[in-house]
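Here's the structure we're looking at; comments come further down.
Keep in mind it's a predicted model, so treat the numbers as computed, not measured.
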Amino acid sequence: MKFLPRFAGKRMFRVLGVSVIAGLLLSSTLKVSAQVAKDPDVIGRWDITMDKDGVTQPSWLEVQKSGTHTLIGRFTYAFGSARPISEVKPKDGKYSFSIPPQWEQGDRNMDFEFEVGGDVIKGTMVYTDGKSYSFTGVRAPRMLPTKTPVWGKPIKLFNGKDTKGWHTDGRPNQWVVENGILRSKKSGANLLTDKTFGDFKLHIEFRYQKGSNSGVYLRGRYEVQVIDTKTGEPEPINNQFSSIYGFLPPNKMMAKNAGEWQSYDITLVGRLVTIVANGTEVVCRAEIPGITGGAINSREGEPGPLMIQGDHGPIDFRNIVITPAK
C-alpha cells in the first residue's frame, strides 16, 4: 500500500477546505444576489401627477424596505410637507397605504391604491372629501452629478424697477416694486421667472415681517423655506428657516430677527443642494429626495423657473442674481 508523503495529506486537506469554504461563500453570495433581485419594482421614488377635477396636481412617493419584508415610505401631496407612510401593503399585485390629513379639510384619511409596471405607476386616491381621483407617474430620475459644473455669467433676475422677466401663477398680482425692492404686501400670487434653469448658483436677499412665511422654489419644485422661525408659529425642524421644506433641516439656525435683511446663497447641481444662510453654510451637498409641496409640477428631470412664494404672507426681496451652469 502506497502512502502519501507526510505533509501531502495536510496540503490536500487544506486545498479541499479552501474549496469547500469558497463554495459556501459563492453559494451565500448567489443567495444574497437572488434576494436582492427579488425586490419588487415598487421600491424607489416616483414622480406623480394627480388628475383632480380636471386639474393636474404634482405629487411624489417613495417606497423602501423596513427589515426583510415590510414596505414603508413617504408621500408629498400638492401642498404641505412630506408625510411618513407606516406601511405600504401589497395584495393581489397591487399596493395600498393610508395617511391622515395634514392641511386638507376634513378628518378622514387619504387612501391610496396603485400598481407598478417597470418604471410606470398608476392608481387612485380617495381624498378627505371621500371622492376618488386617479393618478399616474414615472420613476424619478437619479440626477446625481458626475462632474463639476462650469459656471456661466451671473444674471440679474430683478432689475430693481419692475417685474420684467417674471410672471404670476395666474392668481391676482399683488407684487409691486418700491425703491428697488420687490414686495408682496399681502397674500396673493406666486411669482415665477420667465426663464428656466437647470444647475445654478443663486444669491437672494429677503426681509419678512413678524410671523410671516414665504419660500424660494428651486426649479419651481424644491422649496427653500423663508419663515420667521424666531417669533412665528412653531414648526418641525424640517420646515424651519433655511430648510428644504419637509426634507432637509439646517445644521445650524442662522435666522435673524423679523424686519432685518437676510440672504441665501444656494447651489443646486442635479439633486445636490448647498445652502449658505446669512453667511454660514447650513446644508452641504445634501440630496433632495423629491418635490416639495407647492411645486409647479413633478417633472424633476427638466429645467424649471425660480419661483418665490407670495401666497403665505408679506415678504420683500432684492438683489436676486442667478449664475447658471454652462
Side-chain angles (χ1 to χ4, degrees), residues 39 41-49 58-65 72-85 116 119-121 137-152 192-193 195-204 215-226 236-251 264-277 281-309 322-326:
D39 280 351
D41 285 346
V42 70
I43 290 177
R45 296 168 178 168
W46 301 90
D47 288 336
I48 291 171
T49 300
S59 296
W60 175 85
L61 172 66
E62 179 183 56
V63 178
Q64 56 182 290
K65 290 172 70 174
I72 61 172
R74 289 184 290 183
F75 178 77
T76 301
Y77 186 49
F79 50 84
S81 60
R83 318 171 192 197
I85 302 169
V116 170
D119 293 332
V120 177
I121 186 172
V138 296
R139 196 176 297 276
R142 284 181 53 80
M143 296 170 60
L144 297 178
T146 57
K147 59 182 180 180
T148 303
V150 177
W151 301 110
L192 300 87
T193 57
K195 291 183 178 180
T196 59
F197 305 94
D199 298 337
F200 59 82
K201 295 190 294 185
L202 173 71
H203 175 83
I204 189 166
V216 177
Y217 279 76
L218 314 178
R219 300 193 196 115
R221 301 183 188 102
Y222 314 120
E223 181 186 5
V224 183
Q225 177 73 301
V226 174
I237 185 64
N238 284 3
N239 298 356
Q240 291 185 10
F241 179 92
S242 70
S243 66
I244 296 293
Y245 185 74
F247 283 125
L248 304 176
N251 59 34
Y264 286 155
D265 288 280
I266 303 166
T267 302
L268 180 65
V269 181
R271 289 188 182 277
L272 300 187
V273 65
T274 296
I275 302 173
V276 176
E281 186 178 82
V282 296
V283 176
C284 179
R285 285 179 57 82
E287 181 183 359
I288 304 175
I291 65 170
T292 58
I296 59 170
N297 58 50
S298 57
R299 300 191 295 271
E300 290 191 85
E302 299 179 5
L306 184 72
M307 181 173 77
I308 51 180
Q309 195 174 46
I322 197 166
T323 304
K326 290 183 178 180

task = Apply side chain to side chain contact (heavy atoms under 4.5 Å, CB included) to the pair T193 and I322, showing each step before the final yes or no.
result = CA-CA 11 Å; T193 57; I322 197 166; over 6 Å; no
request  = Begin from the C-alpha positions of V116 and V63 and carry the test side chain to side chain contact (heavy atoms under 4.5 Å, CB included) through to its verdict.
outcome  = CA-CA 12 Å; V116 170; V63 178; over 6 Å; no
message = Assess the residue pair Q309 and V226 against the criterion (side chain to side chain contact (heavy atoms under 4.5 Å, CB included)); give the C-alpha distance rounded to whole Å, side-chain angles, the decisive distance to 0.1 Å, and a yes or no.
response = CA-CA 9 Å; Q309 195 174 46; V226 174; over 6 Å; no
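Residues Y217 and L192 are not in side-chain contact: their nearest non-hydrogen atoms beyond the backbone lie 4.5 Å or more apart. With contacts defined as side-chain heavy-atom distances shorter than 4.5 Å, the pair V138/W46 does not qualify. Contact check for S243 versus N238: no side-chain heavy atoms found under the 4.5 Å cut-off. For the pair I204 and I308, the minimum side-chain heavy-atom distance is below 4.5 Å. Taking 4.5 Å as the limit, every side-chain heavy atom of I85 sits out of range of all side-chain heavy atoms of I72. Side chains of V283 and I244 form no contact here, defined as non-hydrogen atoms less than 4.5 Å apart. Residues V273 and Y222 are not in side-chain contact: their nearest non-hydrogen atoms beyond the backbone lie 4.5 Å or more apart. Inter-residue side-chain proximity for M143 and E287 is flagged as unmet; no heavy-atom pair is nearer than 4.5 Å.
Closest approach of R271 and E300 over heavy atoms only: NH1-OE1, 2.7 Å. Contact detail for G301 and P141: the closest heavy-atom pair is N-CG, 3.8 Å. Between P149 and V269, the shortest heavy-atom contact is CG-CG2, 3.9 Å. In terms of heavy-atom proximity, A295 sits nearest to P58 at O-CG, 3.2 Å. Minimum heavy-atom separation, A277 to S242: CB-CB, 4.0 Å. Between G290 and F247, the closest heavy-atom pair is O-CE1, 3.3 Å.
Atom CG of N239 is separated from atom CD of Q225 by 6.5 Å, given to the nearest 0.5 angstrom. Taking CG of L218 as the start and OG1 of T267 as the end, the distance is 10.0 Å to the nearest 0.5 Å. Taking OG1 of T274 as the reference point, atom CD1 of I266 lies at 10.5 Å (rounded to 0.5 Å). A distance of 11.0 Å separates CZ of R139 from CG of D47, quoted to the nearest 0.5 Å. Separation of atoms CG (D39) and NZ (K65) is listed at 4.0 Å; rounding is to 0.5 Å. Atoms CD1 and OG1, on I296 and T196 in that order, are 9.0 Å from each other to the nearest 0.5 Å.
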Would you tabulate the side-chain donor-acceptor contacts of residues 73-80 under 3.5 Å, counting partners in other chains and residues two or more places apart, or write 'none'?
{"from": "R74", "atom 1": "NE", "to": "E62", "atom 2": "OE1", "distance (Å)": "2.9"}
{"from": "R74", "atom 1": "NH2", "to": "E62", "atom 2": "OE1", "distance (Å)": "2.9"}
{"from": "Y77", "atom 1": "OH", "to": "Q57", "atom 2": "OE1", "distance (Å)": "2.8"}

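A distance-only check finds a donor-acceptor pair linking the side chain of N251 to the backbone of V282 [under 3.5 Å]. Under the 3.5 Å distance criterion, the side-chain polar atoms of T292 are matched with a main-chain donor or acceptor of R221.
D41 is linked by a side-chain hydrogen bond (donor to acceptor under 3.5 Å, both in side chains) to nothing, counting only residues two or more places apart in sequence or in another chain.
Aromatic ring pairs are classed by plane angle as parallel below 30°, tilted from 30° to 60° and perpendicular above 60°; the pair Y264 and F241 is tilted.
A salt bridge links D199 with R219: at least one charged nitrogen is closer than 4.0 Å to a carboxylate oxygen.
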